[in-house]
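The structure appears right after this line, and notes come after that.
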Protein chains: 2
Amino acid sequence: MKHVLHIKMNDSLFLRNPEQSELGKNIIKYSIEFINKQGFEVFTFKKLAEAIGTTEAGVYRYFENKHKLLLYIISWYWGWLEFQIVFLTNNIDDPIVKLKKIIKLLSTKIEDDLSTAHVNEALLHQIVISEGSKVYLTKQVESDNKHHFFKPYKDLCKLIGDIILEYNSKYKYSRSLASTIIEMAHLQNFFMQNLPSLTDFGKSKSTSDVIAFLNHLVFSSINNIDLENPPKKK
Amino acid sequence: MKHVLHIKMNDSLFLRNPEQSELGKNIIKYSIEFINKQGFEVFTFKKLAEAIGTTEAGVYRYFENKHKLLLYIISWYWGWLEFQIVFLTNNIDDPIVKLKKIIKLLSTKIEDDLSTAHVNEALLHQIVISEGSKVYLTKQVESDNKHHFFKPYKDLCKLIGDIILEYNSKYKYSRSLASTIIEMAHLQNFFMQNLPSLTDFGKSKSTSDVIAFLNHLVFSSINNIDLENPPKKK
DNA sequence: TTCAAAAGATAGTAAAACTATCAAAAATAA
DNA sequence: TTATTTTTGATAGTTTTACTATCTTTTGAA
């Protein structure tokens, strides 16, 4: 039997549920393609409508504005990713193994998950890297937060933070380290591709270097108990 | 004698040098105030012009568009910050002390530097936190990079990376760690204020916690030589 | 079959993001 | 000091974005 994965979304993100119609699914599908190719600034409902073969007003019936649509697809990604992590780390006891798998998952190119027909996760992953922070770097962050639009991201952060604590319950920065892992897995990839001198991976441009860096960073930190006096080298 | 600090800017960022006229300086000054208060998305040249008492066309004579203007003020900030760091760490030999001073500087609220009359660094620091990544998270990043618009940021990253190497010349991730320090000093502050559950500092909302986290992260990592097998706890 | 909901077609508005022109004022060079 | 170049001010116009409104046709569920 084929398993179909469904991500439960916050109702306030849309006016009409895009998953419940062909048009809605097309809006999601082509938004992802358009934003990935041209960038969020260039993306408009009019251009999207033309690409789908509907009208601008048609898109507005589903989403209030493009910011909400971006929030929708990014939230969807975090929900999907959380499931991937739960699945990937299921039945594994060792938190070291779990953390390494998570770092790898966050840093590596994602491939399209065929159990979600209208969403291309490979493209969505690229969007999260390039556009992800634009959903919270706004003056409406407080209001959006009150509507729980960042819950999937927070849940993911808690999930990772709890695994960190599972490994070292005395570690004082589990949430901050978790958000650092998520953000840096993406940002170091972006820098490596676009501004390589901000990284040490400009030559190889290989995600395995990003993974090695994050592993080193994370495990050095959570293995180091003495917070005030970190061990001297040699 | 009063020392007047001047930051040399990339000529391609502007059409007419804003530092060479009253109007130009007003454009910078009120842009910083406006973007800080209302956010970059809401900011337009028309609104800015009204606030200054000039016309939209007047602003367009100085800057091609608002993206260039943002690049200008953010670049200015990185240039200014690099000078602060050079000044702050001058005559200090110990790279540990230098790194700690840098982490503190990056994480703490900045106060207005009176030697730069038309720029309020306190506000600019807030802008860099909330809007800074928008200058490179675009599809034009490659073209902007070719014009060397990110040089001040890269220079800063190199400066910090070199201090890391000064401490531990075997450390393989000096640039990536440097960019991580810069980005995380800002992002953890933003999260702490706006999405506190992504950090461990929601209760205190204190920058000293951000500093402690970064110090722990950075020194744990650069003290840890054995890259493949980080020391086990206990 | 019927009738409500969704989609299509079309129109319209306010604001954003520019470009162009010409005259007045200010700075500077001869 | 006058002449001339540069900068600013005032005004106008265009295209695109970001919506809202209305009316008709299609669809699909009871």
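Numbers restart at 1 for each chain; the letters A, B, ... are given by sequence-line order, proteins then strands.
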Between C:dA16 and B:Lys47, is there an OP1 or OP2 to side-chain N/O distance shorter than 4.0 Å?
yes

Test of ring centre spacing under 6.0 Å for A:Phe43 and A:Phe34:
yes

Between B:Lys134 and B:Glu41, does a salt bridge (Lys or Arg N to Asp or Glu O under 4.0 Å) hold up when you go through it step by step?
CA-CA 10 Å; B:Lys134 292 172 190 170; B:Glu41 281 72 32; 3.2 Å; yes

Identify which nucleotide among C:dA16, C:dA20, D:dT22 has an atom closest to any side-chain atom of A:Arg61, counting heavy atoms from C-beta outward.
D:dT22

Taking atom types as modelled, find out whether A:Trp78 and A:Asp155 have a side-chain donor-acceptor pair closer than 3.5 angstrom.
no

For D:dG9, take OP1 and OP2 only and decide whether either is under 4.0 Å from a side-chain N or O of B:Thr54.
yes

With a cut-off of 6.0 Å (strictly less than), are more than 12 heavy atoms of other residues, nucleotides or ligands near NZ of B:Lys101?
no

Is the shortest side-chain N/O distance from B:Tyr62 to OP1 or OP2 of D:dT8 below 4.0 Å?
yes

Measure CD/A:Glu41 against P/D:dA18 and give the value in whole Å, please.
10 Å

Reckon A:Lys46 touches a base, only the sugar-phosphate, or nothing at all at heavy-atom distances under 4.0 Å?
nothing

Using a 4.0 Å heavy-atom cut-off, does A:Glu64 contact any base of the nucleic acid, only the sugar-phosphate backbone, or nothing at all?
sugar-phosphate

Can you identify which nucleotide, out of D:dT8, D:dT11, C:dC18, has its nearest atom closest to the B:Arg16 side chain?
D:dT8

